[in-house]
A.B. asks: 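So that we are looking at the same thing, I have put the structure below in structure tokens.
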Amino acid sequence: LFKGTALTEQEWEELEEVLLRADVGVAATQRIVGAMRSRRDVADGMAALKDELVSALGHPDRSLKTKPGGTTVWLITGVNGVGKTTTIGKLAAQLRDEGRSVVLAAADTFRAAADQQLERWAELSGADIVKHAPGADPAAVVYDGVAAAKARARDVLIVDTAGRLQTKKNLMEELGKIRRILDRETGAPEEVLLVLDATTGQNGVAQARAFAEVAGITGIVLTKLDGTAKGGIVIAVQQELGIPVKLVGLGEGIGDLASFDPDGFVDDLLG
Amino acid sequence: TLSERIEGIFGRLRSRGRLSEQQIDEVLREVRLALLEADVHTDVVRAFVGRVRERAMGEEVRKALTPAQTIVKIVNDELVEILGRTTSPLTWSPKPPTVIMLAGLQGSGKTTAAGKLARLLKSKGKRPLLVACDLRRPAAVEQLKLLGDEVDVPVVARTGMTAVDVAATGVEEARRLMRDVVIVDTAGRLHVDEAMMSEAAAIRDRIQPTETLFVADAMTGQDAVNVATAFLERVDYTGIILTKLDGDARGGAALSIAQVSGRPVKFASTGERLDAFEPFHPDRLASRILG
Ligand SMILES: Nc1nc2c(ncn2[C@@H]2O[C@H](COP(=O)(O)OP(=O)(O)OP(=O)(O)O)[C@@H](O)[C@H]2O)c(=O)[nH]1
Ligand SMILES: Nc1nc2c(ncn2[C@@H]2O[C@H](COP(=O)(O)OP(=O)(O)OP(=O)(O)O)[C@@H](O)[C@H]2O)c(=O)[nH]1
Ligand SMILES: [Mg+2]
Ligand SMILES: [Mg+2]
């Protein structure tokens with residue numbers, strides 16, 4: 001689109017607009033465009049922008065960690081309705097396809113039919129499930145999940161948690177407690193994943209910051225990328241917090257999960 | 001806050017008497033940044049700032065004793081204007097039952113909103129009936145049934161039928177059981193999923209709702225315009241429910257959605273519990289968006 005030895009003011013604004021529209025946010029957009037403008041050699045605006053975005057996403061380790069010779073533990077967190085439970089179903093199916101045995105811990109004991117929803121995913125993915133009565137202490141489900149995974153020598157324990165807005169101090173403390181239980185019982189979880197909805201605006205960065213503080217986030221699952229939202233907030237999450245995207249959700253079906261490809265992501269973002 | 005930033009500009013520029021165009025441009029820059037940081041869509045921001053600029057150049061600011069405060073008031077007025085100026089009540093059908101359909105993206109809070117609406121209307125002396133038309137999501141029907149139990153409102157659920165047929169059955173049941181309002185929960189769907197958008201339109205055609213409420217998450221970013229426009233065109237809605245307002249998202253998506261749809265926000269969901277639900281107050285969201 002933009003060719004020539006220097007971009008006009010109008011062309012710079014158009015590049016900013018692309019980023020703002022993608023939920024990259026004002027601050028990150030100013031950083032990125034600022035970095036581009038300080039380069040003398042911007043001939044092709046879109047190509048330069050692509051380079052800038054890909055480099056902003058960096059080269060962190062995007063693999064999901066496992067524990068050799070023991071039970072791998074993955075803790076799944078995030079605000080309400082982002083796709084935690086569905087993502088767990090997809091992960092369990094992927095693990096089964098890799099020949100690994102899975103236990104799911106239904107530690108969302110609050111929301112109506114949360115256990116039944118996870119139970120259905122356990123059926124579909126061939127995983128075991130540990131659940132208590134609705135209203136039970138989530139910590140008790142976590143303890144039982146760990147015990148079951150060890151007793152049955154399962155390869156992976158995935159812990160589903162209730163959605164919680166990061167503004168809810170008591171719920172964030174509950175999550176911290178769940179993290180500490182896992183630390184004591186099995187050692188630090190191999191992954192503590194924050195599920196972010198691609199339609200989320202700037203609040204996504206606040207979510208990542210708060211969840212990182214309380215639970216220590218090792219990676220992001222960016223869901224609902226099959227919609228039209230670009231999920232640009234993950235750029236600020238990487239730049240400001242150093243938290244990498246590991247997985248993307250591409251639909252509601254059991255197979256709709258893929259590893260994060262920065263190049264493809266940036267191509268889609270720039271449309 | 002934006003008003004503090006605007007006051008700061010006037011303080012810094014030490015103006016007495018008439019505002020210069022430079023001062024106004026500086027103020028408008030702050031307004032633009034505040035709205036973008038609040039997730040308002042870039043096009044909506046552009047049009048909004050244009051309108052504020054026009055008013056800021058006019059008599060009311062020129063003659064104001066405190067121009068900074070006048071501009072803040074203009075911004076606030078323009079926001080409230082878009083958001084619907086006052087609370088907007090439900091429309092009732094002249095011939096019962098009133099049918100209310102809920103629609104929106106995955107995870108926006110529809111099923112919970114159905115329970116909340118049922119609880120609210122029951123507390124106002126209505127006889128609501130809930131209808132479970134999400135046949136896709138695992139345990140969606142169970143979820144609605146549990147919410148119905150919690151508020152002591154009956155739930156219509158059927159297997160072996162399409163969502164459209166369940167919806168129609170729900171309305172028939174309302175007549176049979178003499179329930180005066182039917183609340184139809186539907187599956188979350190993407191605006192770019194042609195089959196699901198056709199289903200939503202088919203449900204609407206079949207049950208002819210008096211109110212179709214678009215349920216939108218307050219933390220939605222720029223995509224709000226794409227979604228709101230597509231749902232308006234394919235499903236059409238008469239009002240909006242804004243959810244998860246108990247978070248700290250600024251909620252600019254609400255402005256974008258109200259602007260592009262011209263529909264009023266009717267309800268605010270402010271928590272996970274079923275009693276965290278109230279008529280929407282535009283002035284409260286206006287000050288929240290401005291930060
Ligand atoms: N289109 C699409 N929908 C998704 C994706 N991931 C999850 N969903 C849908 O999003 C909705 C919410 O998913 P859940 O798994 O219940 O989300 P959650 O985070 O566990 O929700 P809570 O436990 O209530 O906080 C469901 O309708 C899912 O089918 C995705 O990648 N794409
Ligand atoms: N904090 C908070 N959570 C809410 C609010 N409204 C709904 N939720 C939560 O958001 C999550 C999603 O709510 P649902 O009612 O399942 O959303 P949905 O739109 O029916 O989801 P799908 O049917 O999968 O599209 C649940 O965890 C709800 O408890 C709200 O106002 N505040
Ligand atoms: Mg869940
Ligand atoms: Mg639902």
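Naming convention: chains lettered A, B, ... in sequence-line order (proteins, then strands); numbering from 1 in each chain.
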A.B. asks: Where the side chain of A:Lys230 meets the backbone of A:Asp23, is there a donor-acceptor pair that is under 3.5 Å apart?
C.D. replies: no

A.B. asks: Tell me, side chain or backbone of B:Arg137 under 4.5 Å from chain A's heavy atoms, or both, or neither?
C.D. replies: side chain

A.B. asks: Measure B:Asn226 against the heavy atoms of chain A and call it side chain, backbone, both or neither at under 4.5 Å.
C.D. replies: side chain

A.B. asks: Need one label for A:Glu119: side chain, backbone, both or neither, based on atoms under 4.5 Å from any heavy atom in chain B.
C.D. replies: neither

A.B. asks: Classify the side-chain pair B:Asp43/B:Gln259 by whether it contains a donor and acceptor separated by less than 3.5 Å.
C.D. replies: no

A.B. asks: So what's closer than 4.5 Å to chain A heavy atoms on B:Leu144: side chain, backbone, both or neither?
C.D. replies: neither

A.B. asks: Say whether, by atom type as modelled, one donor and one acceptor occur between the side chain of A:Lys90 and the main chain of A:Asp256 under 3.5 angstrom.
C.D. replies: yes

A.B. asks: Is the backbone N or O of B:Leu190 less than 3.5 Å from a side-chain atom of B:Asp193, with the two atoms forming a donor-acceptor pair by type?
C.D. replies: no

A.B. asks: For B:Glu233 and B:Thr229, which I'm curious about, is there any donor-acceptor pair between the side chains at under 3.5 Å?
C.D. replies: no

A.B. asks: Please state whether the side chain, the backbone, both or neither of A:Gln117 comes within less than 4.5 Å of a heavy atom of chain B.
C.D. replies: both

A.B. asks: Give, as side chain, backbone, both or neither, the part of A:Glu123 having an atom under 4.5 angstrom from any heavy atom of chain B.
C.D. replies: neither

A.B. asks: Let me know if A:Val82 has heavy atoms under 4.5 Å from chain B in its side chain, its backbone, both or neither.
C.D. replies: neither

A.B. asks: Please check if the number of heavy atoms outside B:Arg273 that lie under 6.0 Å from its CZ is greater than 12.
C.D. replies: no

A.B. asks: Between B:Asp246 and chain A, which part of the residue has a heavy atom less than 4.5 Å away: side chain, backbone, both or neither?
C.D. replies: both

A.B. asks: Of the backbone (N, CA, C, O) and the side chain (C-beta and beyond), which part of A:Asp226 lies under 4.5 Å from a heavy atom of chain B, both, or neither?
C.D. replies: both

A.B. asks: Contact part of B:Arg189 toward chain A, heavy-atom cut-off under 4.5 Å: side chain, backbone, both or neither?
C.D. replies: neither

A.B. asks: Report yes or no: do A:Thr228 and B:His191 form a side-chain donor-acceptor pair below 3.5 Å?
C.D. replies: yes

